[in-house]
Peer 1: 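Before anything else, here's the structure in question.
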Amino acid sequence: MPELPEVETVRRGLEPAMTGRRLTRVVARRPDLRFPLPDGFGQRLTGRRIKSVERRAKFLLLPLDNDDVLIAHLGMSGSFRLSPASFATEKHDHVIFCLDDGGEIHFNDPRRFGFMDLCPASDLAGHPMLAKLGPEPLSDAFDGAALAAGLKGKKTSIKAALLDQRVVAGVGNIYACEALFRAGLSPRRSAHTVQGGRAAKVAQAIKAVLGEAIRSGGSSLRDHIRPDGELGYFQHAFDVYGKTGQPCPGCDCADGIRQIVQSGRSTFYCPRRQR
DNA sequence: AACAAGACCTGCATGC
DNA sequence: TGCATGCAGGTCTTGT
C-alpha cells in the first residue's frame, strides 16, 4: 500500500491532532499485527504525551515524553482515521488511541502486514527495522552520487534495486516504475550500469515524483486514505503504473505500456522510451 | 553475500 | 449465485 508519499500524507494528517496530546487510553483489539505487539503495549503508552509525529522512509515515529518512541508501519493496507470522521469501530480497527482532548484515532489494517513497536529513543538507530535504511530520498544527502554508490556492483535490475530500502529508503513499486519512466531508463537494466549522469537523472526523477505525489496527498488506489478520510489524487498523474497496453504518454509507439514481473512484483514501462 | 522466490493476510475483480 | 484464481502500494525469511 503506502509508499513514502502516502506515509508522509498520513504523518501530516496525524501531526496536528497528536502533537502535544496525552494518550489517555490505548486499546489493542488483538495481540498482534504482522508481529506480536510489545508486552504491555497499551500500558506503556497510556499517560504518555506525544512530543511529535515524524517519518523515516515508510515508518511513522512518535517520540513520547518517557523517551520511548512508538514506531508504526502501515504495511500494505494500514490506515489511520481521526475522529470525528466516522467513528464507529470498524472491522480491522486493531489499535485505538484515545487522546486527552477527547479525540480518537483508529489504526485499521485488513491484511495485517503493518506493525507497531516501542523502542527507547537512544536505541532507535539500531532498531532492526531502521538500522539498515538507506538515504532519505528527499534529503540533500540523496543525490546522483549517493544513488550511484548504492547501486555500485549490484547485479540485480535497477527496478529491483530501487525497491531495496538499503539503497534508497521509501521508494516502493509505484514510484520506482514512475521514476524510471521519467528518467528514461529501462527497469530491466542492470543496476550497476546506472552511474554518473544516469544516476543523477534517476535521483532527480525520484525526488520529483515523490514531491509531486506528496503535494497531491499521495495515491489512493485500494487502501490509502488520509487520516481525515480524504483521498489522495496522485494516481491520476501516473504515466505507467497500472497502464498496461495504454499509449505511452512520452512517445507514439504502437504497443503501449508493457507489464512484466521482476522479483515477483509487477513492473510497468515503455520499452521504446526507456532504455 | 547477493539474489529470487516464498511467506505472511484479507479483500476484491475476474472468469467459469 | 457460487466458487476458484489471481492480484494488490511491503518486507522478513528461506533457499539457491
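Here is how names work: the chains are called A, B, and so on, in the same order as the sequence lines, proteins then strands, and each is numbered from 1.
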Peer 1: Any idea which of C/dA8, C/dG10, B/dT10 is nearest the A/Pro110 side chain?
Peer 2: B/dT10
Peer 1: Using the six-membered ring wherever Trp is involved, compare the ring planes of A/Phe107 and A/Phe80 and label them parallel, tilted or perpendicular (cut-offs 30° and 60°).
Peer 2: tilted
Peer 1: Compare the minimum distances between each of C/dT11, B/dG11, B/dA4 and the side chain of A/His73, then state the nucleotide with the smallest one.
Peer 2: C/dT11
Peer 1: Tell me the stems DNA chain C sits in, counting at least three consecutive Watson-Crick or G-U wobble pairs, each under 3.5 Å on both distances.
Peer 2: B:2-8 with C:10-16, B:10-16 with C:2-8
Peer 1: Do you see a donor-acceptor pair shorter than 3.5 Å between the side chains of A/Glu6 and A/Tyr175?
Peer 2: yes
Peer 1: Around atom CZ of A/Arg189, are there more than 12 heavy atoms of other residues, nucleotides or ligands at under 6.0 Å?
Peer 2: yes
Peer 1: Across the strands shown, which category fits A/Ser266 at heavy-atom distances under 4.0 angstrom: base, sugar-phosphate, nothing?
Peer 2: sugar-phosphate
Peer 1: If we require ring centres under 5.5 Å and near-parallel planes under 30°, does A/Phe113 stack on C/dT11?
Peer 2: no
Peer 1: Which nucleotide, B/dG11, C/dA8, C/dG10, lies nearest any side-chain atom of A/Arg111?
Peer 2: C/dA8
Peer 1: Is the shortest side-chain heavy-atom distance between A/Phe113 and A/Ser77 below 4.5 Å?
Peer 2: no
Peer 1: Suppose we call a contact any N or O donor and acceptor under 3.5 Å apart; does that hold for the side chain of A/Arg112 and the base of B/dT10?
Peer 2: no
Peer 1: I'd like to know if A/Glu212 and A/Arg215 make a salt bridge, using a cut-off of under 4.0 Å between side-chain N and carboxylate O.
Peer 2: no
